[in-house]
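Here is the structure we will look at.
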Amino acid sequence: MPADVDYLKSLLRPYPDFPKKGIVFLDIFPLLRDPVAFETLITHFVHRLTSHTIALAPSKKIDVVVGLDARGFLLGPIIAMRLGAAFVPVRKRGKLPGETIHAEYQKEYGVDIFEMQADAIQPGQTVVVVDDLIATGGSAKAAGELVAKLGGKTLEYLFIIELTFLKPAEKLDAPLYSVVKVDE
């Protein structure tokens, strides 16, 4: 494991039995409270995108970074700014003004709905989707569906933490990259 990944992983704080018994929650907020760690995380993502992901795009650039409500909003705008790309938020239903499009996704206790403004992505634009954690992949899949509805092309999904034992990559229409993989 690269030194930067070891460093970032060492700062994640585990909370056993949160939000419910049997779950070990990994808190990303210690990364954000430490300016060196936060810079290391953003640089890690930008390096991944510029050294690997951009090569997947016919245009050799990323046009849009989509951030998922709400922790994707902490990472997405900074990554977008570093890439010279636009930032587009995906929000829970009823939180965005103007005309929106929507996609449903399954949660452990029912169905939820994500929305994106209808003019946020133009046909043919290249997109990466970012959030803090991917578990089952439902919310990321919904974001990818929104990108596709507007004619965008998702190049990659980026996460700080991936719960690999839930096999989220199987639901997505593009490769998944995570900094920290949790196997159990």
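Predicted model only: the values in this text are computed from it and were never measured. We count residues from 1, following the sequence as given. The basis for the numbers below is simple: all heavy atoms, side chains too, and nothing from hydrogens, waters or symmetry mates.
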**OP:** With sequence neighbours left out, write down each residue that passes ring pair (Phe, Tyr, Trp, His ring centres under 6.0 Å) with Y7, or none if nothing qualifies.
**Re:** none
Subject >> 4.5 Å side-chain heavy-atom contact, I28 and L12 >> reply: yes
Subject >> Contacts of H52 that satisfy side chain to side chain donor-acceptor pair (under 3.5 Å) - sequence neighbours left out >> reply: R48
Subject >> salt bridge (Lys or Arg N to Asp or Glu O under 4.0 Å) against E39, all qualifying residues, sequence neighbours excluded >> reply: R82
With a cut-off of 3.5 Å and sequence neighbours excluded, list every side-chain donor-acceptor pair involving residues 67-81.
unit_1, atom_1, unit_2, atom_2, d
D69, OD2, R91, NE, 3.2
D69, OD2, K92, N, 3.2
R71, NH1, D132, OD2, 3.3

Original post:
Residues two or more places apart in sequence or in another chain: which of them pass salt bridge (Lys or Arg N to Asp or Glu O under 4.0 Å) with K141?
Top reply: E145
Original post:
What residues form a salt bridge (Lys or Arg N to Asp or Glu O under 4.0 Å) with K181, not counting sequence neighbours?
Top reply: E162
Subject >> With sequence neighbours excluded, residues passing ring pair (Phe, Tyr, Trp, His ring centres under 6.0 Å) with F45 >> reply: none
Original post:
With sequence neighbours left out, what residues match Y105 under ring pair (Phe, Tyr, Trp, His ring centres under 6.0 Å)?
Top reply: F114
Original post:
Residues in side chain to side chain donor-acceptor pair (under 3.5 Å) with D27, at least two apart?
Top reply: none
Subject >> side chain to side chain donor-acceptor pair (under 3.5 Å) involving T50 - partner list, sequence neighbours excluded >> reply: none
N/O donor to acceptor pairs below 3.5 angstrom from side-chain atoms of residues 14-26, sequence neighbours left out:
unit_1, atom_1, unit_2, atom_2, d
Y15, OH, R13, NH1, 2.8
D17, OD1, G22, N, 2.8

Original post:
Which residues satisfy the salt bridge (Lys or Arg N to Asp or Glu O under 4.0 Å) test with D112, sequence neighbours excluded?
Top reply: K107
